[in-house]
Amino acid sequence: QVQLVESGGGLVQAGGSLRLSCAASGSNFRVNVMGWYRQAPGKQRDLVAIITNGGTTNYADSVKGRFTISRDNAKNTVYLQMNSLKPEDTAVYYCNAIGVTLLPIRGFNSWGQGTQVTVSS
């Protein structure tokens, strides 16, 4: 079992910045991909950014040039630096991790509890 713990959400004015963090914890596991998703009220959960342990990244078009995803593989931690925030970025942000456990060997897909990001105009 792999658990994700998030931090860094909050209230910020348009044009401001926030940095989200998410750490995966457990025993005998390997994380292959970590990412961030967001969900606004009444809408579906959408991909924001993902990163592999090899450093390959992908971003939603709406955040390209403003958000940066990074990771610390030794700590199984992923970060999302959010700059030039806009009101439309307001959502609950969820951390996601995909990987495998070793004992027993099986795949996992874990989600964090979500952290609220609110951007005021």
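Note that the coordinates shown come from a computational prediction; the quantities given were computed from them, not determined experimentally.
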If you look at every heavy atom in C22 and M34, which pair is closest and at what distance? O-CE, 4.0 Å
Could you pull out all residues at least two apart from Q113 that satisfy side-chain hydrogen bond (donor to acceptor under 3.5 Å, both in side chains)? none
Search all heavy atoms of M82 against all heavy atoms of V117 and return the closest pair with its distance. CE-CG2, 3.9 Å
Mark yes when over 12 heavy atoms from residues, nucleotides or ligands other than E88 sit less than 6.0 Å from its CD; otherwise mark no. yes
Only pairs under 3.5 Å count here: list side-chain donor-acceptor contacts from residues 5-17, not counting sequence neighbours, and write none if there are none.
residue : atom : partner : partner atom : Å
E6      : OE1  : G114    : N            : 2.9
E6      : OE1  : T115    : N            : 3.4
E6      : OE2  : C95     : N            : 2.2
S17     : OG   : N83     : OD1          : 2.9

I69 with V63, same ILVMFWY side-chain cluster at under 4.5 Å: yes
CG (L80) and CH2 (W36) are apart, to the nearest 0.5 Å, by 6.5 Å
Are D89 and K86 within salt-bridge range, i.e. N to O under 4.0 Å? no
Do L18 and Y94 belong to the same hydrophobic cluster, where Ile, Leu, Val, Met, Phe, Trp and Tyr are linked whenever their side-chain heavy atoms lie under 4.5 Å apart, directly or via other members? no
For residues 50-81, the ring pair (Phe, Tyr, Trp, His ring centres under 6.0 Å) pairs (sequence neighbours left out) are none
Does T90 use its side chain to pair, donor to acceptor, with the backbone of V119 at less than 3.5 Å? yes
Let me check something: do Y93 and L47 share a hydrophobic cluster, defined by ILVMFWY side-chain heavy atoms less than 4.5 Å apart, either directly or through other members? no
So which heavy atom on S110 is nearest to which on F108, and how close? OG-CD1, 3.6 Å
On a heavy-atom basis, which atom in R66 and which in L85 lie closest, and how many Å separate them? NH1-CA, 3.9 Å
Under 3.5 Å, is there a donor-acceptor pair between the side chain of N28 and the main chain of L102? no
Please report the shortest heavy-atom distance between V92 and Q116, naming the atom on each side. CG2-OE1, 3.3 Å
When hydrophobic residues are tied together by side-chain contacts of less than 4.5 Å, even through go-betweens, does I51 share a cluster with V48? yes
Nearest atoms (heavy-atom pairs only) where A97 meets V31: CB-CG1, 4.2 Å
Quick check: do N32 and I98 have side-chain heavy atoms less than 4.5 Å from each other? no
Rounded to the nearest 0.5 Å, how far apart are CZ of R30 and CD1 of I105? 12.0 Å
For residues K75 and S21, determine if any side-chain heavy atom of one lies less than 4.5 Å from a side-chain heavy atom of the other. no
Taking atom CD1 of I50 and atom CZ of R71, what is their separation to the nearest 0.5 Å? 13.0 Å
To the nearest 0.5 angstrom, please state how far the CZ atom of R45 sits from the CZ atom of R38. 13.5 Å
